[in-house]
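Reading through the structure tokens given below for one structure.
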Amino acid sequence: MKGLLLLSWRQLTFHRTRSAILVLALAATIFLPVATQLLVSRYDADLRARAATSPLVAGSKGNRFDLTLATLYFRSADLDVVPFSEYEALRDAGFGVAIPMHLRFTARGRPVVATSPEYFAHRRLRPERGRLPYRIGEVVLGAGVAADLGLGPGDHLFSDQREIYDITKPPALKMPVVGVLGRADGPDDLAVFVDTKTAWVLEGSRTATTTRRRSRRNS
């Protein structure tokens, strides 16, 4: 047995480069599946944790997976706008905390999430600098967006035009940045947040006008 170990050791020391490559190959073969499993488990836990805090997502008729991904992770999806009166009906029904969300626009390629103050309380998001948006046109940036664009309170951010060559569509909106959220290590870091009324200004269409009128009638 000692002779076999000695012979193996001399073989390794004589062919050092080949032995090192062999050891690295074996280590990678063992390490990669373990690392992949750990990363997948962590990603799955993060997905489930965010979804668990949103027990019900309501939206227009269509693909439920697109609706879920758009609501939880701000993924772009072709979804119809739900009238604001539907949100008010859910809110008044007393089933729980109803939070409106509008996700049809972007700013510098980042999703513009129009929502209410309840969203920030629900996700436990607090401004690291500045404050939350209270007026029409004001925005608060996710930590990642603020770092990538180099923006902070006092700066301005323009919305992206959906139809550049259509003069009937509203122009880009110049929005003052009033705050930057603390890092959340999730989709909220990569989004721009505004009040729901700002979404109506960005929409600039009959849908937004009808929504506002219905809201006033129900109030």
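All values below were derived from every heavy atom in this structure, side-chain atoms included, with hydrogens, water molecules and symmetry-related copies excluded.
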Q: Answer yes or no: is there a side-chain heavy-atom contact under 4.5 Å between Arg108 and Leu149?
A: yes
Q | Side-chain heavy atoms of Val194 within contact of Val113, under 4.5 Å | A | no
Q. Are any of the side-chain heavy atoms of Leu151 and Leu141 separated by less than 4.5 Å?
A. yes
Q: Look only at the side chain of Thr29 and the backbone of Ala25, and say whether a donor-acceptor pair between them is shorter than 3.5 Å.
A: yes
Q. With no hydrogens and no angle check, is any side-chain donor or acceptor of Asp195 less than 3.5 Å from a backbone partner on Tyr134?
A. no
Q: Applying side-chain contact (heavy atoms from CB on, under 4.5 Å), name anything that partners Lys61, two or more places apart in sequence or on another chain.
A: none
**Q.** Mutual orientation of the aromatic rings belonging to Phe74 and Tyr119 [parallel < 30°, tilted 30-60°, perpendicular > 60°]
**A.** tilted
Q. Is there a donor-acceptor pair closer than 3.5 Å between any side-chain N or O of Asp189 and the backbone N or O of Arg183?
A. no
Q. So do Val192 and Leu157 actually touch side chain to side chain, heavy atoms under 4.5 Å?
A. yes
Q.
Between Asp92 and Ala89 (side chain of the first, backbone of the second, donor and acceptor by atom type, cut-off under 3.5 Å), is there such a pair?
A. no
Return a table of donor-acceptor pairs under 3.5 angstrom between the side chains of residues 65-72 and protein atoms on other chains or two or more places apart.
| from | atom 1 | to | atom 2 | distance (Å) |
| --- | --- | --- | --- | --- |
| Thr68 | OG1 | Arg64 | O | 2.9 |
| Thr71 | OG1 | Leu67 | O | 2.8 |

Q) With sequence neighbours left out, what residues match Ile21 under side-chain contact (heavy atoms from CB on, under 4.5 Å)? A) Thr17
Q) For Arg131, what residues pass the side chain to side chain donor-acceptor pair (under 3.5 Å) criterion, not counting sequence neighbours? A) Glu138
Q.
With heavy-atom distances below 4.5 Å as the criterion, would you say the side chains of Pro133 and Val140 are in contact?
A. yes
Table please: side-chain donor-acceptor pairs of residues 96-105 below 3.5 Å, with sequence neighbours left out.
| from | atom 1 | to | atom 2 | distance (Å) |
| --- | --- | --- | --- | --- |
| His102 | NE2 | Glu203 | OE1 | 2.9 |
| Arg104 | NE | Glu203 | OE1 | 3.3 |
| Arg104 | NE | Glu203 | OE2 | 3.2 |
| Arg104 | NH2 | Glu203 | OE2 | 3.3 |

Q. Does any N or O in the side chain of Asp188 come within less than 3.5 Å of the main-chain N or O of Ala184, such that one atom is a donor and the other an acceptor?
A. no
Q | Arg110: partners by salt bridge (Lys or Arg N to Asp or Glu O under 4.0 Å), with sequence neighbours left out | A | Asp148
Q | Pairwise side-chain contact, Leu132 with Leu181, heavy-atom cut-off 4.5 Å (strictly under) | A | yes
**Q.** Minimum side-chain heavy-atom gap Ser159-Leu202 below 4.5 Å
**A.** yes
